[in-house]
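Reminder, nothing fancy here: chain letters follow the sequence lines and each chain counts from 1.
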Amino acid sequence: MQSRIALVPDPHGPGGRLQRLGEQGAALGPVLPAADLAAAVGELEAAEQPRWVWATADSAYAPLLPRLPRRLGRCHDLRLVESLLLAHDGQWGAARSLGAAWARLRGLPVPADLGEAATEAQDSLFAPDRLQLPPGTDPLAAVVAVHAEQQRRLAAIEGEPERARLRLLVAAESAGALTAVEIAADGLPWRAEVHDAMLTELLGPRPHVPGTQPARLAELSVRLQQALGGRPFNPDSHAQVLKAFADQGIRLGSTRTWELRTVDHPAAELMIRYKELSRIHAAHGWAWQDAWARGGRFRPEYVVGGVVSGRWASRGGGALQIPRLLRRAVLADPGWRLVVADAAQLEPRVLAALSQDAALARSAAGGDLYQALAATAFQGDRGKAKLGLLGAMYGQTSGDIGPLLATLRQRYPTAMGYLEAAARTGEEGGIVRSRLGRTCPPPSDAWLDLTEGSGDGEQGPRSARARGRFTRNFVIQASASDWALALLAALRRRLAGLPGRPHLVFFQHDEVLVHTPAELADQVVAAVTESATEATTLVFGPTPVQFPMSTAVVECYADAK
DNA sequence: AGTTATGGCGCC
DNA sequence: AAAGGGCGCCATAACT
């Protein structure tokens with residue numbers, strides 16, 4: 001039986017307190033004070049690899065990490081688990097902090113979760129942490145009690161394998177918390193000089209005065225003005241752009257790029273170019289570099305479980321939206337490599353495994369799922385196969401997709417039935433869960449008001465169908481997240497077993513980057529492959545569906561695939 | 001002056 | 001007639 005140890009750092013200084021726990025969470029033995037918490041934790045980790053129990057990885061692991069001799073293997077993150085359990089129980093309004101969970105347990109007034117506005121206060125040494133404990137509460141006692149309560153709630157989950165799956169989700173989500181802290185500490189290798197050269201080539205030299213427009217944007221602005229009659233206007237203002245085009249007799253419904261592409265006028269092309277460049281300047285220009293990519297590393301702030309589907313979100317820095325163009329600036333250190341790995345066609349494979357559609361599973365048993373699908377059902381037209389399947393998973397009905405959906409329904413009734421059942425549940429106001437038990441939010445009160453009594457006409461009310469699309473996609477996206485988290489946890493563990501400290505530096509829904517000494521790259525690739533197999537077995541059990549990873553060993557991120 | 005909404009687009 | 005899921009972030013516009 002694996003040991004568990006509760007861990008609480010002192011608010012100031014390097015010390016902290018520890019408490020051994022039984023599997024159900026009962027405190028075993030005395031509270032152990034540690035003058036040097038990192039040293040104590042390091043020794044215990046080396047001796048017995050316990051599961052560390054803490055309020056949040058940010059508060060307990062992040063400060064410890066720089067002083068630990070090696071990374072920790074496992075944890076139980078109370079805040080993330082509270083979130084999973086509350087959602088599973090349909091309690092979406094409830095606060096998730098340690099303090100909130102403790103207050104619920106004790107029948108005390110429950111503190112609201114701090115908004116993101118409170119983040120800046122963390123910089124202050126004396127700012128309160130975000131645990132939200134009532135004054136005078138012993139944080140270690142709260143950690144122990146809330147953990148025991150969570151173990152009790154997990155044990156009370158009805159049904160097997162549901163209970164075991166939710167426990168797996170708890171472990172995987174917690175491993176995600178470890179990973180996010182470590183990625184933040186390590187950072188993604190980022191060559192500012194490469195980034196800078198790209199910006200200079202695209203936009204002109206960096207303006208000396210911050211806030212002024214780079215030369216290339218200013219030029220485009222002037223040329224646009226000339227092309228549209230010479231009257232000055234702000235190309236960043238949708239209203240003014242629409243008016244400027246209208247004055248030339250061109251009526252636009254929007255300033256979207258795809259619409260501009262249909263316009264046969266020199267200004268349209270200039271406008272498209274202006275938008276491309278101004279976006280790069282605004283979103284990933286010099287200001288972004290100064291704020292997020294200093295010292296040779298891009299350090300994003302990930303928010304584990306930040307999306308209801310279990311995907312990570314990010315806060316500041318746009319970690320999950322780095323333009324492909326800028327991957328040129330992501331370069332391994334000298335003597336190191338990047339192993340870039342992404343799960344190929346993850347979502348349709350998830351659909352095949354979830355629905356157990358035998359025919360779809362056959363298409364998902366090999367390399368290119370869409371090609372296999374095309375060969376069976378679409379006369380070899382891979383594009384149609386992909387469009388149709390993605391449309392089915394998103395609930396798309398527009399365009400020329402109707403015939404494709406009809407073909408899919410005919411050939412893969414089990415898989416399509418699975419999606420339609422999920423959509424129906426959503427339309428009727430029900431909830432759905434991912435493979436491991438992550439739960440979607442219920443309809444809002446406004447939604448219930450809107451849909452109540454409006455009858456079930458041919459198509460149902462618009463918002464009901466929108467919710468159907470949400471639940472239809474949720475089962476896929478959230479189960480894909482389950483799988484990706486399991487992959488991440490498995491990979492993290494395997495990397496820890498390699499010498500030379502290869503480490504994860506990026507995670508984006510279905511893609512991972514590992515920064516590794518060059519001579520270990522092959523072993524890292526093998527670890528990725530093994531981890532995918534392990535994740536598949538853990539999440540889906542025995543299944544004919546394969547989840548292949550496409551991997552590349554590169555020095556530059558842009559050179560992958 | 002500060003907050004919220006909107007349009008638009010980057011990523012999956 | 002049209003009807004694609006999930007995010008974060010920017011600038012502008014519209015508010016309080």
Side-chain angles (χ1 to χ4, degrees), chain A residues 115-117 211 213 217 233-242 252-260 271-272 274-285 287-288 291-292 300-303 305-327 342-348 350-351 386-402 404-405 419 422-423 426 432 434 438 440-441 458-481 484 506-512 557:
Chain A
E116 299 309 329
Q213 217 174 24
L217 279 178
F233 72 98
N234 179 357
D236 287 322
S237 162
H238 306 135
Q240 292 180 38
V241 170
L242 292 179
L252 295 169
S254 74
T255 66
R256 290 189 177 94
T257 298
W258 65 260
E259 187 166 351
L260 287 167
M271 191 64 222
I272 291 169
Y274 178 88
K275 282 152 72 88
E276 284 172 359
L277 293 183
S278 78
R279 185 179 166 82
I280 287 171
H281 179 240
H284 291 95
W288 177 90
W292 298 103
E301 294 172 27
Y302 288 109
V303 185
V307 182
V308 290
S309 66
R311 281 183 173 184
W312 291 9
S314 68
R315 178 170 47 220
L320 304 179
Q321 302 134 252
I322 299 174
R324 288 174 161 270
L325 186 72
L326 293 191
R327 293 180 182 183
D342 74 287
Q345 305 153 340
L346 178 57
E347 297 199 339
V350 164
L351 172 60
K386 180 174 178 176
L387 214 63
L389 203 48
L390 289 174
M393 290 187 295
Y394 289 157
Q396 184 180 357
T397 51
S398 70
D400 304 328
I401 204 173
L404 306 183
L405 294 180
L419 291 171
V432 294
S434 74
R438 197 183 301 266
C440 85
E458 289 294 301
Q459 305 185 324
R462 190 202 262 290
S463 69
R465 280 176 288 122
R467 190 155 191 285
R469 287 193 296 275
F470 169 62
T471 50
R472 170 195 292 264
N473 185 251
F474 183 94
V475 293
I476 302 298
Q477 189 183 114
S479 299
S481 297
F506 193 61
F507 173 53
Q508 187 179 39
H509 311 316
D510 61 359
E511 178 176 16
V512 296
Y557 187 14

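Side-chain N or O atoms of A:Gln240 include one that pairs as donor or acceptor with a backbone N or O of A:Asn234 at under 3.5 Å. Using modelled atom types, one side-chain atom of A:Arg472 and one backbone atom of A:Ala392 make a donor-acceptor pair closer than 3.5 Å. One N or O on the side chain of A:Glu259 and one on the backbone of A:Gly253 form a donor-acceptor pair closer than 3.5 Å. Between the A:Trp288 side chain and the A:Gly317 main chain, a donor and an acceptor come within less than 3.5 Å of each other. Listed for the A:Arg311 side chain is no donor-acceptor partner under 3.5 Å among the backbone atoms of A:His509. In this structure a side-chain-to-backbone donor-acceptor pair under 3.5 Å is present from A:Thr471 to A:Gly468.
Atom CH2 in A:Trp292 sits about 13 Å away from atom P in C:dG8, given to the nearest Å. Here C:dG5 presents its P atom at 11 Å from CD of A:Gln477, a figure rounded to the nearest Å. Distance A:Asp510 CG to C:dG6 P: 17 Å, rounded to the nearest Å. Summarising the geometry, the separation between CG on A:Asp400 and C1' on C:dA2 is reported as 14 Å, rounded to the nearest angstrom. Rounded to an integer number of Å, the gap from A:Leu405 CG to C:dG4 P is 12 Å. Atom-to-atom, CG of A:Leu389 to C1' of C:dG5 comes out at 14 Å; the value is rounded to the nearest Å. We find that CD1 of A:Ile401 is positioned 9 Å from P of C:dG4, with the value rounded to whole Å. For the pair A:Trp312 CH2 and C:dC7 C1', the interatomic distance rounds to 15 Å; values are reported in whole Å.
As judged by a 4.0 angstrom heavy-atom cut-off over every strand, A:Arg469 is placed among residues touching the sugar-phosphate backbone only. Among the heavy atoms of the strands, none lies under 4.0 Å from A:Gly391. At a threshold of 4.0 angstrom between heavy atoms, the contacts of A:Arg327 are confined to the sugar-phosphate backbone, with no base atom among them. If you check every strand for non-hydrogen atoms under 4.0 Å, A:Gly317 touches sugar and phosphate atoms only. Contacts of A:Thr257 with the nucleic acid, taken as non-hydrogen atoms under 4.0 Å apart, involve only primed sugar atoms and P, OP1 or OP2.
Nucleotides of DNA chain C nearest to A:Gly316 and A:Ser309 differ in position, and the one nearer the 5' end is that of A:Ser309.
A:Met393 has its side chain within reach of A:Pro348: a pair of non-hydrogen atoms, C-beta onward, lies under 4.5 Å apart. Taking the side chain as every heavy atom from C-beta outward, A:Leu260 and A:Lys275 approach each other to under 4.5 Å. Residues A:Val308 and A:Phe470 have side chains in contact (heavy-atom distance under 4.5 Å, counting atoms from C-beta outward). The closest side-chain heavy-atom distance from A:Gln477 to A:Tyr394 is not below 4.5 Å. In this structure, A:Leu387 and A:Asp400 have side chains that are not in contact, with every pair of non-hydrogen atoms separated by 4.5 Å or more.
A tilted orientation is assigned to the rings of A:Tyr302 and A:Phe506, their planes being inclined by 30° to 60°.
When the C1' atom is used for both C:dA1 and B:dC9, the distance is 26 Å, rounded to whole Å.
Side-chain N/O atoms of A:Arg311 include none lying less than 4.0 angstrom from OP1 or OP2 on C:dG6. Within the structure, every side-chain polar atom (N or O) of A:Ser314 is placed at least 4.0 Å from both OP1 and OP2 of C:dG8.
Sorted by residue number, the members of residues 319-326 of chain A with any non-hydrogen atom under 4.0 Å from DNA chain B read A:Leu320, A:Gln321, A:Ile322, A:Pro323, A:Arg324.
The number of heavy atoms from other shown groups lying within 6.0 Å of NZ (A:Lys386) does not exceed 12.
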Detail all sub-3.5 Å separations between protein N/O atoms and N/O atoms belonging to nucleotides 12-16 of chain C.
residue	atom	partner	partner atom	Å
C:dT12	OP1	A:Asn234	ND2	3.1
C:dA13	OP1	A:Ser237	OG	2.8

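You cannot call A:Tyr394 stacked on the base of C:dG4; the centres under 5.5 Å and planes under 30° rule is not satisfied.
Taking a heavy-atom distance under 4.0 Å as the criterion, the stretch of DNA chain B touched by chain A extends 5' to 3' from B:dG7 to B:dC12.
You'll find that the side chain of A:Thr397 is closest to C:dA3, out of C:dG6, C:dA3, C:dA11.
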